[in-house]
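Report on one structure; see the data block that follows.
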Amino acid sequence: MKGRRAVVLGGAGFVGSHLCERLLKEGASRVVSVDNLITGRAENVAHLVGRPEFQDVRHDITEGPIQVEGPVDVVFNLASPASPIDYAQLPIETLRVGSIGTENGLELAVEKGARFLQASTSEVYGDPTVHPQREDYWGNVNPVGPRSCYDESKRYAEALCVAYARMKGVPVRIVRIFNTYGPRMRLNDGRVVPAFVSQALRGEDFTVFGDGMQTRSFCYVTDLVDGIYRLALSDVEGPVNVGNPREMTMLEFAEAVRAAAGGGGRIDFKPLPKDDPRQRRPDISRARELLGWEPRVPLEQGLRETIHYFRTLAGPTRTP
Ligand code: NAD
Ligand code: UDP
């Protein structure tokens, strides 16, 4: 990225802010974060504001064309509510940002002759009947369920990317992100990592949904950003899973958080939300072979960093 110019849609979010940091670290000459703060926070990039290469823009990318002065080499589209609680509260905004917002982002790439990286999700696989999930699995999504606003907007966004690649020649890259955690997640965003960590730090019971036997695979944020970065600079066409294949049940995860935080209460079973996927683990063969990428940060280390962040909620964060 040395000397290159990037736009990060959703740059003030959890993942977006880490990506902005990485791009600057790699020598990007300009990084423009465009965000309406609907689920992000200005504090996430406050430590970058003031650097001459960085620009922090407030704009809703569903509201008309995205205006950026000067040349742009890469547009990263990370804008979208991402936590199940967020998108349940913002279903229309979520559908609009995945559809109209992505189209506006792609038009920016056309205008600038830039490449376009779309942040997609393991949710395109829905409640998967194939395990682990490979990129050629088409998924099992309820189109009218509580998660459909998110799943279908991301599926539509992938289709839009492919159409822009075919019809307008935009070099598009699609990353399918699996559950990611780390500093700058919002403590109250409802996702299981901040939920369990905050419960452990307060000595409260862990709210485990359902029987706790559903599985997820958690990737530390710097590993994810490394995968995104490599994919953006690669010539790889078609979607690529980026996630950590270490799979565990939510009961096992509660115990991992208890061990890392050194505290926490009992397990308090709560009803399982409708359509909550029973299992999720990425097959990362494509990322390994095509990008030479694999996760490096073990769960125990990533949890320590995340717990440290939530304990102090201090500004810029260390990365392992
Ligand atoms: P986040 O909510 O912290 O970040 C999303 C950012 O997009 C926020 O800053 C938000 O304000 C911004 N945004 C939303 N709508 C917008 C709009 N209309 N205009 C401008 N900005 C807008 O979520 P995150 O966890 O950082 O996720 C980032 C991306 O990665 C999302 O696209 C998400 O779907 C994808 N993803 C994340 C995970 C994960 O585990 N974190 C998993 C799969 C996919
Ligand atoms: N979950 C839980 N307790 C919580 C929050 C979530 O048991 O307080 C479960 C949730 O039902 C799901 C898993 O943890 O099975 C991961 O949930 P999250 O919202 O983090 O992400 P998802 O993978 O569902 O998008």
Side-chain angles (χ1 to χ4, degrees), residues 8-19 33-42 44-45 57-63 66 76-88 90 93-102 104-105 117-124 127 147 150-151 153-154 157 175-182 184-186 189-199 204-221 224-225 228 241-243 248-251 253-254 267-280 282:
V8 181
L9 308 175
F14 157 51
V15 177
S17 61
H18 287 273
L19 177 62
S33 163
V34 180
D35 202 301
N36 66 351
L37 300 185
I38 193 168
T39 56
R41 287 178 305 193
N44 287 343
V45 288
V57 175
R58 281 303 141 263
H59 175 67
D60 180 340
I61 64 162
T62 67
E63 297 296 328
I66 303 165
F76 294 88
N77 183 21
L78 276 67
S80 173
S83 132
I85 285 191
D86 285 344
Y87 58 72
L90 301 164
E93 290 82 350
T94 303
L95 283 156
R96 282 175 59 87
V97 75
S99 53
I100 302 164
T102 302
N104 286 334
L117 180 135
Q118 172 64 15
S120 188
T121 166
S122 53
E123 281 283 325
V124 300
D127 188 5
R147 301 171 88 99
Y150 183 66
D151 299 9
S153 88
K154 289 288 185 179
V175 57
R176 290 190 181 149
I177 302 170
F178 284 63
N179 295 65
T180 299
Y181 70 99
R184 305 202 195 114
M185 294 187 97
R186 296 190 339 267
D189 86 355
R191 289 188 268 195
V192 71
V193 177
F196 284 4
V197 168
S198 62
Q199 288 158 359
E204 293 170 3
D205 292 347
F206 294 106
T207 53
V208 169
F209 298 165
D211 61 7
M213 293 306 288
Q214 71 273 32
T215 66
R216 295 292 188 274
S217 311
F218 297 100
C219 186
Y220 191 64
V221 64
L224 167 68
V225 165
I228 291 176
N241 290 338
V242 173
M248 55 177 61
T249 67
M250 290 311 98
L251 285 173
F253 184 58
I267 302 294
D268 180 13
F269 290 100
K270 298 276 188 198
L272 186 71
K274 189 173 176 328
D275 293 346
D276 197 281
R278 292 294 310 165
Q279 54 183 356
R280 185 180 289 155

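All ligand and atom numbering here is 1-based and tracks the order in the structure.
- Looking at Thr180 and Ile177, their side chains come closer than 4.5 Å, going by heavy atoms from C-beta outward.
- Close approach of ligand 2 to Gln214 (heavy-atom distance below 4.0 Å) involves ligand atoms 9 (C), 11 (O), 15 (O).
- Counting the atoms of ligand 1 from 1 in the order shown, those under 4.0 Å from a heavy atom of Ala12 are 9 (O).
- Close approach of ligand 2 to Gly190 (heavy-atom distance below 4.0 Å) involves ligand atoms 5 (C).
- With Ile228, Asp35, Val34, Ile177 as candidates, the residue nearest to atom 9 (O) of ligand 1 on a non-hydrogen basis is Asp35.
- Within ligand 2, the atoms closer than 4.0 Å to a non-hydrogen atom of Asn179 are 21 (O), 22 (P), 23 (O), numbered from 1 in the order shown.
- Using the six-membered ring where Trp is involved, Phe206 and Phe196 have ring planes that are perpendicular, over 60° apart on the 30 and 60° scheme.
- For ligand 2, the atoms sitting less than 4.0 Å from at least one non-hydrogen atom of Ala195 are 8 (O), numbered in the order shown with element in parentheses.
- In this structure, atom 39 (C) of ligand 1 lies nearest to the protein heavy atom Arg191 NH1, 3.4 Å.
- For ligand 1, the atoms lying closer than 4.0 Å to a non-hydrogen atom of Gly10 are 6 (C), 7 (O), 12 (C).
- Asn36 OD1, 3.5 Å is the protein heavy atom nearest to atom 13 (N) of ligand 1.
- Considering backbone and side-chain atoms together, Arg280 places an N or O closer than 3.5 Å to an N or O of ligand 2.
- Taking all atoms of both residues into account, the shortest heavy-atom contact from Thr62 to Gly101 is CG2-N, 4.0 Å.
- What sits closest to atom 26 (O) of ligand 1 on the protein, heavy atoms only, is Val15 N, 2.8 Å.
- Every N/O-N/O distance between Tyr87 and ligand 2 stays at or above 3.5 Å.
- When Thr39, Ile38, Asn77 are checked for heavy-atom proximity to atom 15 (N) of ligand 1, Ile38 turns out nearest.
- For Arg176, the heavy-atom gap to ligand 1 stays at 4.0 angstrom or more.
- Remark: distances from the non-hydrogen atoms of Ser120 to ligand 1 include one below 4.0 Å.
- In this structure, Lys154 is part of the shell of residues with a heavy atom less than 4.0 angstrom from ligand 1.
- The pair Asp127-Arg147 does not meet the salt-bridge criterion, since no charged nitrogen lies less than 4.0 angstrom from a carboxylate oxygen.
- The contact set between ligand 1 and Gly13, taken as ligand atoms under 4.0 Å from a residue heavy atom, comprises 3 (O), 4 (O), 8 (C), 9 (O).
- Distances below 4.0 Å separate heavy atoms of Asn179 from the following atoms of ligand 1: 40 (O).
- Considering backbone and side-chain N/O atoms, Val208 never comes within less than 3.5 Å of an N/O atom of ligand 2.
- For Ser83 (side chain) and Asp189 (main-chain N/O), a donor-acceptor pair under 3.5 Å exists by modelled atom type.
- Salt bridge status for Asp86 with Arg191: absent, with no side-chain N to carboxylate O gap under 4.0 Å.
- Atoms of ligand 2 lying under 4.0 Å from at least one heavy atom of Thr207, given by number and element, are 2 (C), 3 (N), 4 (C), 7 (O), 8 (O).
- For Phe14, a nitrogen or oxygen atom sits less than 3.5 Å from a nitrogen or oxygen atom of ligand 1, counting backbone and side chain alike.
- Of all atoms in ligand 2, numbered sequentially from 1 with element shown, those under 4.0 Å from a heavy atom of Phe196 are 3 (N).
- The shortest contact between atom 5 (C) of ligand 1 and any protein heavy atom is with Ser80 O, 3.3 Å.
- Ranking the protein heavy atoms by distance from atom 13 (C) of ligand 2 puts Met250 SD, 3.8 Å first.
- Closest to atom 27 (O) of ligand 1, if we only count protein heavy atoms, is Ala82 CB, 3.7 Å.
- The shortest N or O to N or O distance between Gln199 and ligand 2 is not below 3.5 Å.
- The atoms of ligand 2 that sit less than 4.0 Å from any heavy atom of Arg147 are 22 (P), 24 (O), 25 (O).
- Look at Tyr181 and you'll find every heavy atom at least 4.0 Å from all atoms of ligand 1.
- Using a 4.0 Å heavy-atom cutoff, Ser83 is absent from the residues neighbouring ligand 2.
- When the heavy-atom distances from atom 36 (N) of ligand 1 to Phe178, Tyr150, Phe76 are ranked, the shortest goes to Tyr150.
- With respect to atom 40 (O) of ligand 1, the closest heavy atom belonging to the protein is Thr180 N, 2.8 Å.
- Contact atoms of ligand 1 toward Gly40: 8 (C), 9 (O), 10 (C), 11 (O) (distance under 4.0 Å to a heavy atom of the residue).
- Close N/O approach between Val192 and ligand 2 is found [any backbone or side-chain N/O within under 3.5 Å].
- Across the listed options Asp60, Val57, Val45, Asp60 owns the non-hydrogen atom lying nearest to atom 18 (N) of ligand 1.
- At least one side-chain heavy atom of Leu117 sits under 4.5 Å from a side-chain heavy atom of Ile228.
- By the 4.0 Å heavy-atom criterion, His59 is counted among the residues contacting ligand 1.
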Evaluate the salt bridge (charged side-chain N to carboxylate O under 4.0 Å, His left out) criterion for residues Asp205 and Lys270: first the C-alpha distance (whole Å), next the side-chain angles of each, then the deciding distance (0.1 Å), finally the verdict.
CA-CA 11 Å; Asp205 292 347; Lys270 298 276 188 198; over 6 Å; no

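- Against a heavy-atom cut-off of under 4.0 Å, Leu37 is close to the following atoms of ligand 1: 11 (O).
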